[in-house]
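The next block holds one structure in the form of structure tokens; read it before the comments.
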Amino acid sequence: MSTWLIVDANSIGKAASQGLPFDPSEEERSVTAMLSFVGSQAVKYQATDLVFVFTDPVEEAYTHYNELLLAATKKAGIAVTLLEKDNCLHQLSHFIHTESKKVILLSNDRTWQTLLQGEVSLISPEISKEEGSHVVHLDGARIKETLGYEAESIPEVIALSGILGEAMAKSLMKTYGSISTILLSMEEIRGKSPRTWQRLLEQKGEILAKALKVTPEAGKVDSGVISPLSIDEDTKISPEQLAALTEGTKAEKKLLGEDAIYVDSLQMFHEAAKRFEATFEKGTGFLGITIETTGSALETVCLSTGEDTALFDLGSKDLMKQVKKLLTAAVESGWTLSFWNLKHLLHQCGKIAGRGYDVLLSEQIGDGMKQEADGQLCLFAMEKEDEKENDRGAGELLDWLCSLEEDVFSSEKDSFSVTDRGYFTGEYSKKLSRIFCDVSLLAYLLMPLSTGKDFDIEKVAGVYRKLELKDYKSRFGKKSVREVLEEKREAYVSYAGVRTAMLSELPGDLMSELKEDGQYSLYEEMELPLLFTLYSMEKEGIAMDTAALRRYGEELSEGILKLQEQIYQEVGEEFNINSPKQLGTILFEKLGLPAGKKTKSGYSTAADVLEKLAEDYPVVEHILQYRTFGKLKSTYADGLLDCIASDQRVHTTFQQAVTATGRLSSSDPNLQNIPVRIELGKRIRSVFHAKEGYVFLDADYSQIELRVLAHLSGDQQLIEAYRKDRDIHRATAALVFHVPFEEVTPQQRRAAKAVNFGIVYGISSFGLGQNLDISRQQAQQYIDDYFRAYTRLQEYLDELVAAAKRDHVALTMFGRRRPMPELSSSIYMQRQFGERVAMNAPIQGTAADIIKIAMLHVWQRLRGEGLSSKLLLQVHDELLIETKIEEKEQVKAILDEEMHRAAHLLVPLAIDMEEGNSWYDAH
DNA sequence: ACGATCACGC
DNA sequence: AGAGTACGTGATCGTT
């Protein structure tokens with residue numbers, strides 16, 4: 001029996017909006033990716049015939065996508081069928097019944113599940129948090145086993161899902177088997193879940209009607225006419241067509257290490273080296289490098305030019321020396337070294353070579369108090385005196401990498417300049433990018449929305465090379481690298497080979513994409529050099545007064561204990577105040593306080609709810625205080641103590657490829673959210689202090705986002721206000737409330753400030769209402785008044801939305817792109833959200849770009865002018881520098897100059913600078 | 001291990 | 001019709 005693969009072109013088009021690899025904003029590439037995916041499924045299930053089904057009318061948002069798909073399928077010679085949307089299921093069902101073929105359906109449309117039966121199965125590409133994008137296969141012959149209910153129940157599950165949500169619908173159906181049984185068991189359900197019971201009761205009729213509507217028979221009933229699906233008998237896919245569709249899978253095979261070799265002896269190395277050297281001589285290209293480390297040592301280095309791949313076991317220092325020689329030869333022949341995350345690698349090498357702060361950290365907590373410090377790392381830290389044994393060349397590699405960067409820098413120390421566009425150029429960045437390539441940064445600029453698991457080599461290769469590569473977890477599960485190296489060396493060679501080959505192959509693709517996007521200089525002149533700046537900031541760290549932090553923590557503990565006892569007394573029983581659930585029960589049931597908002601799982605005990613109750617109920621005030629104390633103690637006092645390395649400094653990690661707008665983020669610890677508003681919290685900042693002979697200089701941009709907005713929009717009112725250096729919130733209030741500048745009340749200023757804030761962060765009228773504790777309507781009124789005052793602003797923001805809708809992307813002043821899939825969503829909320837993002841991303845992103853430029857320039861000049869002052873932190877609009885006292889005036893001038901000239905706007909970039917011995921004093 | 005809730009910064 | 005409302009990091013609780 002021949003096997004047919006029937007593709008639901010419409011729902012696959014729609015899948016684009018759900019974050020599947022078929023991105024509607026990248027339509028042409030998506031179509032290719034989709035076809036390749038279909039091809040791979042056709043091969044997998046040995047489908048002999050392939051039909052694309054388009055239902056008519058085509059949904060508006062995907063018209064273009066579907067047109068491209070239609071054109072592409074026709075070009076590939078694949079059968080295409082147009083069905084009427086209403087009786088599409090019926091037609092397909094009829095076809096399946098009469099032709100008695102083995103059928104595989106490829107669709108994301110749940111209603112297609114109703115076609116499932118013995119010889120019919122369904123494939124859906126899906127996306128989930130746990131598994132990323134993956135493929136779900138429902139075998140028609142094994143419905144009951146897979147889903148827990150019969151195929152006949154599927155329409156009912158779909159109908160129920162619309163009312164109760166998918167999870168509940170499925171669980172009910174598993175228990176009861178059908179809607180009628182469910183309706184007969186209402187009392188039982190009432191006991192288990194009153195909410196479900198109520199919904200069922202209210203919407204009984206609708207559920208039944210819906211269930212009927214999604215059955216394949218529905219088409220027949222509605223149209224009255226049976227138009228059987230007519231498919232050309234001659235739809236066989238030729239091997240050529242299939243090959244064309246599955247190019248991706250073949251390419252993977254080539255990469256899968258057939259040519260990769262594993263080198264475990266010096267002699268073999270020499271053979272491999274000869275082959276590499278021969279490749280180098282062919283000219284320029286990229287050399288992918290992955291380095292595997294296990295706790296205490298550098299284990300393997302995998303190199304790949306795309307043509308040639310080899311894995312080196314770094315069992316000896318000699319081999320490392322040879323690898324270094326090979327890499328040097330590559331660089332000298334004009335090859336670029338490409339890594340996935342270079343900054344991370346630098347830190348890793350430093351750690352293993354005993355020169356990184358990670359080692360200092362593990363030394364201090366050597367007893368394994370922190371889970372990260374596994375036995376190996378601690379062992380190493382304790383034995384670090386004996387470098388010969390443990391350091392299998394990591395130090396050498398680190399030195400070499402750093403020296404490459406240092407060479408580039410020092411040979412050009414006077415050449416950096418500020419161009420008209422306002423950011424860093426000069427030979428430094430060009431030479432840097434000639435030697436180093438960081439693929440994660442390239443990928444981030446192209447896909448700033450990708451996060452976590454979507455954002456690794458395998459996934460990027462999936463998008464840009466249409467390869468379905470297995471990542472570490474799916475190959476080796478939870479096994480550690482060390483275990484894998486011991487037990488499955490061969491498999492590891494192929495894994496490392498594929499990854500490394502992708503590192504050498506991807507840069508070309510990604511760079512040309514970036515060039516088309518106009519983002520290449522952003523990469524070359526901003527993100528890539530910044531990597532080194534961030535590396536040095538992280539490595540430098542910031543000094544902590546450990547004793548003072550401990551005292552602070554103890555002080556908080558006392559406060560917490562007092563408050564706790566007081567609360568227990570006031571409430572009359574002991575409970576866990578940290579548990580929102582228990583707290584809710586105590587406050588709103590036991591004490592009978594008026595409940596405000598609700599959350600999914602009960603009463604909300606959020607601060608804004610409690611604050612309203614605090615006036616009338618002293619205990620609530622104490623709970624709020626308890627929360628404040630608890631937060632400060634656990635996150636800041638205790639949290640920071642855990643992060644202090646034995647050099648008495650904390651070394652944060654700046655994430656450069658996380659946010660959608662281009663901002664940085666900070667973690668382990670997060671130093672971008674150290675308290676500042678409340679005095680008690682702000683005191684933590686006195687623990688961050690400058691080392692002996694140094695002081696802190698802290699400079700922050702004043703309202704950089706609003707200034708950017710003034711510039712980009714060209715709004716005269718806003719520009720004037722900034723040129724005259726007026727209090728912007730007061731000026732806004734004066735305009736919005738039609739009162740003289742001098743007569744603005746504090747409340748009016750507060751409201752104006754909140755609206756300004758809202759514009760900058762892209763919040764909704766709902767959010768503004770929350771902030772100001774006013775109604776959504778009142779908030780909307782403020783926004784309307786605001787735009788009446790700043791008319792040009794409104795126009796500009798409208799233009800931004802229109803442009804984003806047109807281009808499916810929002811741009812910053814420097815060309816950073818933020819894709820805008822939300823604007824094509826069929827969900828109203830999502831589109832609303834998209835509109836706010838379209839207005840916000842260019843503003844916040846431009847501000848982020850500007851401070852990155854400033855950081856680069858400041859850092860370059862500190863190094864270039866031979867100063868020992870160091871850039872330590874960036875907090876979105878603030879830079880913190882540890883300055884040698886003798887250098888203070890010079891550094892002040894540098895900060896002032898470089899922050900001002902980072903961008904040329906129609907309004908001045910104002911900076912507030914302070915100095916002090918601690919962050920508390922300097923801010 | 002993971003989601004939900006809460007809280008901190010910008 | 002009805003949803004659920006800047007982002008990012010981290011702590012804690014309570015369930016799996």
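So you know, we letter chains A, B, ... as the sequences are listed, proteins then strands, and number each from 1. What you are looking at is a predicted structure, and each value in this text was computed from that prediction instead of being measured.
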For the pair Y920(A) and H689(A), evaluate ring-ring contact (aromatic ring centres under 6.0 Å, His included) and give the outcome as yes or no after the intermediate values.
CA-CA 8 Å; Y920(A) 181 95; H689(A) 67 90; over 10 Å; no
DNA chain C contacts made by residues 753-769 of chain A, counting heavy atoms under 4.0 Å:
Y761(A), G762(A), I763(A), S764(A), F766(A)
Figure out the CZ/C1' separation between F688(A) and dG9(B), and round it to whole Å.
12 Å
Rounded to whole angstroms, how far apart are CZ on F629(A) and C1' on dA7(B)?
15 Å
Interatomic distance where CD1 belongs to I678(A) and C1' belongs to dG9(B) [whole Å]:
12 Å
Heavy atoms under 4.0 Å, any strand shown: does R663(A) hit a base, just sugar-phosphate, or nothing?
base
Using whole Å, what does the distance between atom C1' of nucleotide dG9(B) and atom CG of L880(A) come to?
15 Å
Salt bridge E822(A)-R836(A), side-chain N to carboxylate O under 4.0 Å:
no
If I take atom CG in residue L640(A) and atom P in nucleotide dC8(B), what distance separates them, rounded to the nearest angstrom?
15 Å
Can you establish whether the number of heavy atoms outside K562(A) located under 6.0 Å from its atom NZ is more than 12?
no
Please classify the nucleic acid contact of I674(A) as base, sugar-phosphate, or nothing, using heavy-atom distances under 4.0 Å.
sugar-phosphate
Would you kindly give the NZ-to-P distance between K600(A) and dT5(B), to the nearest whole Å?
6 Å
Just the rounded figure in Å: distance from P of dC6(B) to CD of Q582(A).
14 Å
If you count the non-hydrogen atoms of other residues, nucleotides and ligands that lie under 6.0 Å from NZ in K753(A), is the total more than 12?
no
Select base, sugar-phosphate, or nothing to describe what V875(A) touches, counting heavy atoms under 4.0 Å on all strands.
sugar-phosphate
Ion pair present between E527(A) and R816(A), side-chain N to carboxylate O less than 4.0 angstrom?
yes
Heavy atoms of Y701(A) and A854(A) approach each other most closely as OH-CB, 3.4 Å
Y603(A) six-ring face occupied by K597(A) cation (under 6.0 Å, within 45°)
no
Quickly work out the L583(A) CG to dC6(B) C1' distance and round it to whole Å.
11 Å
Using a 4.0 Å heavy-atom cut-off, does N840(A) contact any base of the nucleic acid, only the sugar-phosphate backbone, or nothing at all?
nothing
Measuring only the P atom in each nucleotide, how far is dT5(C) from dT5(B)? A whole number of Å is fine.
10 Å
Any S601(A) side-chain N or O less than 4.0 Å from OP1/OP2 of dA4(B)
no
From the 5' end of DNA chain C to its 3' end, which nucleotides mark the outer limits of contact with chain A, defined by a 4.0 Å heavy-atom distance cut-off (strictly under)?
dA3(C) to dT15(C)
Classify the angle between the aromatic ring planes of H347(A) and Y357(A) as parallel (below 30°), tilted (30 to 60°) or perpendicular (above 60°).
perpendicular
Base, sugar-phosphate, or nothing for D638(A), non-hydrogen atoms under 4.0 angstrom?
nothing
How far does the C1' atom of dA4(B) sit from the matching atom of dG4(C), given to the nearest Å?
16 Å
Where Y761(A) and R663(A) come nearest, the two heavy atoms and their spacing:
OH-NH2, 3.6 Å
Is the distance from OP1 or OP2 of dG9(B) to the nearest side-chain N or O of R677(A) less than 4.0 Å?
yes
Salt bridge between D727(A) and R749(A), side-chain N to carboxylate O under 4.0 Å?
yes
Answer yes or no: does a side-chain N or O of T605(A) lie under 4.0 Å from OP1 or OP2 of dT5(B)?
no
